[in-house]
Amino acid sequence: PPPPPPRLLLASHAAVRAAASARRGRLAGDHHPPQVAALRRGDWVKLICGASFEDAADVRNLSLVYTLAGVDCIDCAADASVVGAVNEGIDVAASIVPSVQSPWVMVSVNDDCRDLHFRKAEFDPEDCPPDCSKPCEKVCPADAISLERVMIEGKHSQSDPSSGKLEGGVITERCYGCGRCLSVCPYDRIRAMSYVRDPTKTAELLKRNDVDAIEIHTTGKGTDMFNTLWSNLGDSINNVKLIAVSLPDVGDSTVNFMNAIYTTMQSHLQGYNLWQLDGRPMSGDIGRGATRETVSFAVHLSSMSNRPPGFYQLAGGTNSYTIESLKKAGLFQSTTFAATSGVTDCQQAFIGGIAYGGYARKIVGRVLRKIPAQFGHARIEDHPDYLLEALQEALSLVGPVKGYPTLPSL
């Protein structure tokens, strides 16, 4: 069993619980699940672990921390071991604070190999010059590239870099396809290997009782591949509570494309549906400006009267500046009169919430990296001080959306 949580952690989480209780009264008579109520209010928060990020130890710890921070959903790779890691993190969070709300678990899949979220970097380190400065290793936000110079024929590569060779390469399970290494390689040796998730395996995952939602990434370049994937998933789609579609802004044709997708889904749509407005993919950790595109996407759709039913949520470049940008656009928790899947004739927020990926992983990941290496795949709950520090980082991101009171820093 985990050690008893430190008093400060419980005090921090008490603020989460108090804010959640206050929010429940804001929509009188709301009989929907708490996750859906959050979407209706506009304070839904989703953690994106990464559609291609498959480091189970990190996913587990991220899920634990962000569950304690009060997220409504955790989105992960459509892989059984990764889904297991998410649920383990949620379960440990509940063992620390029994009153915690369990987030929905979402799996992400794609209908098209051109989607940037579904690729991995690949290169052969033996092709790399031994004296390379390794810019790929430095630029990788996921610590997914590890290169080490080794000796050849008794010579130490430190004293004569050209006499050694490089070993290592891409740590496949950590690479989530951001592509930053591709452009910095001075020798153009790095390739991007794209893939499509197997719909048969996805269908099996959707039958599990610990998977609540699916997100389908589509490129907006036509509906044929979406329709094929939808058909291949078959009745398994009826097992989930929420179906999300992630898409980019493709300009004037965006709403027509969304309506065509909605027409395909409508016959099997038994739960709720959500549109993820994917601005600048996998860039939230880069800086302030990365969030502009998803907010612009929301502004574009807000002016369209023929947009399809469903909840709307931001992603792609989201970070600590997203709320400020949404407020400037007049779209933060601003209500609209809408008929939505599963909800009719009600006032609800046009933007139901925000999904945080690279930035959310970065701010908690830098705490995870502090845990001494001798612990191997460390369980963050075994290190209460680091757990509290990680929770405070997560609350700094989740809190402004949820309306938590400002917490004292450590």
Should the heavy atoms of other residues, nucleotides or ligands under 6.0 Å from CD of E324 be counted, would the total exceed 12? yes
Pair R361 + D285, salt bridge at N-O below 4.0 Å: no
Measure from the side-chain N and O atoms of D212 to the backbone N and O of V105, and report whether any donor-acceptor pair falls under 3.5 Å. yes
Salt bridge E54-R197, side-chain N to carboxylate O under 4.0 Å: yes
Which of these, D124, L182, V170, sits in a side chain to side chain contact (heavy atoms under 4.5 Å, CB included) with I190? L182
Verify the neighbour count for atom CZ of R180: are there more than 12 heavy atoms of other residues, nucleotides or ligands below 6.0 Å? yes
If only atom types and distance count, is the side chain of S231 paired as donor or acceptor with the main-chain N or O of T228 below 3.5 Å? no
Of K46, R40, R41, which meets salt bridge (Lys or Arg N to Asp or Glu O under 4.0 Å) against D43? R41
Enclosure of N306 CG (heavy-atom neighbours >12, cutoff 6.0 Å): yes
So, are K207 and D235 salt-bridged, with charged N and O less than 4.0 Å apart? no
Residue K138 excluded, over 12 heavy atoms near NZ under 6.0 Å: yes
Is E389 paired with R366 through a side-chain N to carboxylate O contact shorter than 4.0 Å? no
